[in-house]
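Since the structure comes first, as structure tokens, the remarks are kept for the end.
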Amino acid sequence: MDRTEEAAPPPLRVGLIGYGLAGSVFHAPLIASTEGLALDTVVTANPERRAQVHAEHGSSMRTLATTRELFARAGALDLVVVASPNRTHYTLARQALEAGLPVVVDKPLAGTVAEAQQLASLAAERGLMLSAFHNRRWDNDFRTVRALLADGALGGEVRRFESRYERWRPELKGGWRESGDPAEAGGLLYDLGSHLVDQALTLFGPATSVYAESDVRRTGAEADDDTFIALTHADGVRSHLWVSAVAAQLGPRFRVLGSEAAYVKNGLDPQEAALREGARPVPGQRWGVEPEAAWGTLGDLEARRPVPTLDGDYPAYYAGIVTALREGTPPPVTAHEAVATIRVLEAARTSALEARVVTADLA
């Protein structure tokens, strides 16, 4: 080896809390496939999930039943990832920070603005990284929209941004996400709505007003399952966002209307489906690739052309976490950005409950 070459630092050891959908499908596979990270410990009290951890990550993978056991060995870890139910995000992230550990929290960062701000302040006081897992910034279609806007492909002015996560699930599945208890921070507004709001703020900056309609449509449901959010951004762009579990026919994933052209895209980014099926990102190989038949179109009523969809890139999130921890740079999603998203969600909930537009500084 060339003497001028430096040995690679040892991988950062990660403790993952939770092995449900978020932990098993998103975080664990992405952590395990990221250069510079090593999945060290998984916390789950469920025996079946512990068996799943060992089947998917090897029989030697350390599993613990409680977070108390995890924080007792905080000195052996470099990062904690909170992928447990929403109601636990604030408490567990705070415990991790108090233990001296940087934290990634699955979205939303916390259930309220007050809690999110407390976490951001504590992280700043301790000099620790705090980030929220808004992985949908690396969806293939969102990356494509972002590139088109950067190139001015829709004209000098974007007039309306429409974004949807719609599904047809007329029957309840059960679980905390469908609970009406406010402490659970369940429902679609705080679930998929977190992603849509984060994407809109990422593209167009802070919102100055929020209007929302939030309904409970399915028999026996307690939490919102059909919600619409309208944002007016400080730069004048309007974002119209839909999340629904009761859409028997789906609208376009994106429709972006500009002064000279529009971009329309149907279908969903393929990365979640690939991860659910057991596929894993491999360094040097394409990931999140979409067939030409699924590409969106750019143009107007007289002339339209297909636009190749950029590859999805969920691995970029944890690669950015490694850089942030090694070099002290901001994480790919900052605590301030995560707080801003929750501020809009909270305003949307108020708007829906009180049937009014909420106008405020929502940055």
Side-chain angles (χ1 to χ4, degrees), residues 11-46 48-58 61-64 67 70-71 77-93 95-97 101-110 119 129-139 175-177 190-192 194-195 198 269 271-283 287-288 312-325 331-333 335 338:
L12 300 165
R13 300 157 297 178
V14 182
L16 172 63
I17 301 175
Y19 208 71
L21 171 64
S24 66
V25 171
F26 290 100
H27 293 281
L30 294 175
I31 292 166
S33 63
T34 298
E35 184 177 355
L37 293 180
L39 185 61
D40 178 275
T41 307
V42 177
V43 178
T44 176
N46 185 311
E48 293 181 357
R49 290 180 178 175
R50 288 202 295 272
Q52 182 184 352
V53 171
H54 294 141
E56 294 174 346
H57 298 280
M61 176 61 61
R62 181 183 291 105
T63 59
L64 300 174
T67 55
L70 180 77
F71 293 128
L77 298 172
D78 302 294
L79 173 68
V80 165
V81 175
V82 178
S84 48
N86 290 355
R87 69 178 182 276
T88 68
H89 287 187
Y90 168 76
T91 300
L92 294 177
Q95 290 175 354
L97 292 169
L101 289 166
V103 191
V104 166
V105 184
D106 199 79
K107 56 75 192 166
L109 179 63
L119 292 177
M129 187 206 73
L130 172 64
S131 181
F133 186 64
H134 284 291
N135 60 301
R136 297 292 180 175
R137 292 189 191 182
W138 292 271
D139 275 1
W176 64 266
R177 286 182 175 84
Y190 276 73
D191 185 21
L192 294 173
S194 296
H195 288 309
D198 175 73
D269 173 276
Q271 295 176 91
E272 178 177 346
L275 290 167
R276 282 177 178 269
E277 293 168 2
R280 299 292 180 258
V282 177
W287 169 258
D313 196 10
Y314 290 170
Y317 177 82
Y318 272 111
I321 293 296
V322 172
T323 300
L325 293 176
V333 179

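With contacts defined as side-chain heavy-atom distances shorter than 4.5 Å, the pair Leu325/Met129 qualifies. Between Leu16 and Val82, every side-chain heavy-atom pair lies at or beyond the 4.5 Å cut-off. The shortest distance between side-chain heavy atoms of Asn86 and Pro108 falls below 4.5 Å. Residues Leu101 and Leu77 have side chains in contact (heavy-atom distance under 4.5 Å, counting atoms from C-beta outward). Under the 4.5 Å side-chain criterion, counting only non-hydrogen atoms from C-beta, His134 is in contact with Ser194. Between Gln95 and Val80, the closest side-chain pair of non-hydrogen atoms is not below 4.5 Å. For the pair Ser84 and Leu92, the minimum side-chain heavy-atom distance is below 4.5 Å. Counting heavy atoms from C-beta outward, Leu39 and Met61 have side chains that approach closer than 4.5 Å.
Just one residue in the list Val53, Val43, Thr41 forms a side-chain contact (heavy atoms from CB on, under 4.5 Å) with Thr63, and that residue is Val53.
Using a 3.5 Å distance cut-off with no hydrogens or angles, the side chains of Gln52 and Glu48 do not pair a donor with an acceptor. At a cut-off of 3.5 Å, with distance as the only test, a side-chain donor of Asp269 or Gln271 sits close to an acceptor on the other residue. Remark: the Arg136 side chain and the Tyr314 side chain contain an N/O donor-acceptor pair separated by less than 3.5 Å.
Under the rule for a side-chain contact (heavy atoms from CB on, under 4.5 Å), the partners of Arg87 that lie at least two apart in sequence or sit in another chain are Pro85, Trp176, Glu184. Pro332 is linked by a side-chain contact (heavy atoms from CB on, under 4.5 Å) to Trp138, Tyr317, Ile321, counting only residues two or more places apart in sequence or in another chain.
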Margin query: Before you tell me yes or no, could you show the steps for Ile17 and Val81 under side chain to side chain contact (heavy atoms under 4.5 Å, CB included), namely the whole-Å CA-CA distance, both residues' side-chain angles and the distance that decides it to 0.1 Å?
Written below: CA-CA 6 Å; Ile17 301 175; Val81 175; over 6 Å; no
Margin query: I'd like to know whether Leu119 forms a side chain to side chain contact (heavy atoms under 4.5 Å, CB included) with Tyr90, so could you lay out the CA-CA distance, the side-chain angles of the two residues, the decisive distance to 0.1 Å, and finally the verdict.
Written below: CA-CA 7 Å; Leu119 292 177; Tyr90 168 76; 3.7 Å; yes
Next item on the list: Run the numbers on Val103 and Leu97 for side chain to side chain contact (heavy atoms under 4.5 Å, CB included), then give the verdict.
Entry: CA-CA 7 Å; Val103 191; Leu97 292 169; 3.8 Å; yes
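Ionic pairing of Arg137 and Asp198 is present here: one or more N-O contacts between side-chain nitrogen and carboxylate oxygen are shorter than 4.0 angstrom.
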Atom pairs and distances, side-chain donor-acceptor, residues 23-32, under 3.5 Å, sequence neighbours left out:
{"from": "Ser24", "atom 1": "OG", "to": "Gly20", "atom 2": "O", "distance (Å)": "2.6"}
{"from": "His27", "atom 1": "ND1", "to": "Tyr318", "atom 2": "OH", "distance (Å)": "2.7"}
{"from": "His27", "atom 1": "NE2", "to": "Asp106", "atom 2": "OD1", "distance (Å)": "2.7"}

